[in-house]
Amino acid sequence: MMLRSSVMLMLLLPIVAAAQTLSIRSDTWYPMNGDPQADKPGFMIEIAKAIFEPQGITIDYRLMPWERALSEVRAGRIDCVVGAYVEDAPDFVFPEQPWGLIMLFSLCVQVMIGVTTAI
């Protein structure tokens, strides 16, 4: 099951270049994004840093409640949110190809009369 496609707005590069800071907000959604103070804040944040920091653009990544992050982007107070589905924000710009996918698989084990089988 695909959990969330990513919203990283490469189209923002010309706009952000003038500001020299790209503000990114989201709730915690490991492994895509997590603790802003961690060495590994999540692969989406690491990708953003790899793209923008060599261009002299600082990444200002912080956590906030999900609905607030969406409304802050819509209000123009922040630039980007990480981890949205198109259904979450149909008015946002999404890449044609997601930058990453998370797939979840479940393994259930059934024990019957001393026999263990994986389902």
Side-chain angles (χ1 to χ4, degrees):
M1 173 174 75
M2 182 174 57
L3 290 180
R4 290 186 181 181
S5 62
S6 306
V7 178
M8 267 300 169
L9 304 178
M10 291 288 294
L11 301 173
L12 284 175
L13 187 56
I15 297 167
V16 174
Q20 299 301 309
T21 299
L22 174 64
S23 57
I24 302 174
R25 303 291 184 271
S26 189
D27 58 354
T28 301
W29 194 260
Y30 288 112
M32 294 170 87
N33 63 291
D35 181 359
Q37 304 305 315
D39 290 335
K40 303 273 186 192
F43 73 85
M44 294 305 299
I45 306 308
E46 292 172 52
I47 290 171
K49 288 181 177 186
I51 291 169
F52 293 106
E53 287 181 348
Q55 306 300 318
I57 299 167
T58 303
I59 299 297
D60 174 21
Y61 166 59
R62 300 180 200 177
L63 298 175
M64 69 172 45
W66 183 246
E67 291 299 324
R68 182 172 160 213
L70 295 176
S71 67
E72 292 289 302
V73 169
R74 286 186 177 109
R77 289 187 283 271
I78 59 174
D79 301 310
C80 183
V81 65
V82 173
Y85 286 118
V86 174
E87 295 81 19
D88 292 330
D91 52 323
F92 287 10
V93 176
F94 288 82
E96 288 183 25
Q97 296 292 318
W99 287 18
L101 301 173
I102 297 177
M103 306 295 283
L104 288 184
F105 298 94
S106 297
L107 174 65
C108 301
V109 176
Q110 182 180 15
V111 178
M112 297 175 51
I113 313 172
V115 178
T116 303
T117 58
I119 302 173

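In this text, all values refer to a predicted model and were calculated from it rather than measured experimentally.
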Nearest heavy atoms of [X] and [Y], plus distance in Å:
| X | Y | answer |
| --- | --- | --- |
| Leu70 | Ala89 | CD2-CB, 4.3 Å |
| Pro41 | Lys49 | CG-NZ, 4.5 Å |
| Val81 | Trp66 | CG2-CZ3, 3.4 Å |

Got a second to check how far [X]'s [atom1] is from [Y]'s [atom2], nearest 0.5 Å?
| X | Y | atom1 | atom2 | result |
| --- | --- | --- | --- | --- |
| Ile78 | Thr21 | CD1 | OG1 | 13.5 Å |
| Ile24 | Ile45 | CD1 | CD1 | 4.5 Å |
| Arg62 | Gln37 | CZ | CD | 10.0 Å |
| Leu22 | Ile57 | CG | CD1 | 7.5 Å |
| Asn33 | Lys40 | CG | NZ | 15.5 Å |
| Arg77 | Glu72 | CZ | CD | 4.0 Å |

Handout entry: Side-chain donor/acceptor of Tyr61 to backbone N/O of Ser26, under 3.5 Å
Key =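 No: the side chain of Tyr61 does not pair with the backbone of Ser26.
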Exercise for the section: Return yes if some donor-acceptor pair links the side-chain N/O of Ser23 with the main-chain N/O of Asp79 below 3.5 Å, else return no. Expected result: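 Such a contact is found between Ser23 side chain and Asp79 backbone.
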Handout entry: Note, Val82 side chain near Trp29 side chain (heavy atom, < 4.5 Å)
Key =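 Val82 vs Trp29: side chains apart.
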Can you list, pair by pair, the side-chain donor-acceptor contacts under 3.5 Å of residues 90-98, counting residues two or more places apart and other chains?
residue, atom, partner, partner atom, Å
Asp91, OD1, Arg74, NE, 3.4
Asp91, OD1, Arg74, NH2, 3.0
Asp91, OD2, Arg74, NE, 2.8

Exercise for the section: For the pair Arg25 and Asp60, find out whether any cationic side-chain nitrogen is under 4.0 Å from an anionic carboxylate oxygen. Expected result: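 Asp60 and Arg25: salt-bridged.
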Problem - Single-linkage hydrophobic cluster, 4.5 Å side-chain cutoff, Met64 and Ile59 together - result: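 No, Met64 and Ile59 fall in different hydrophobic clusters.
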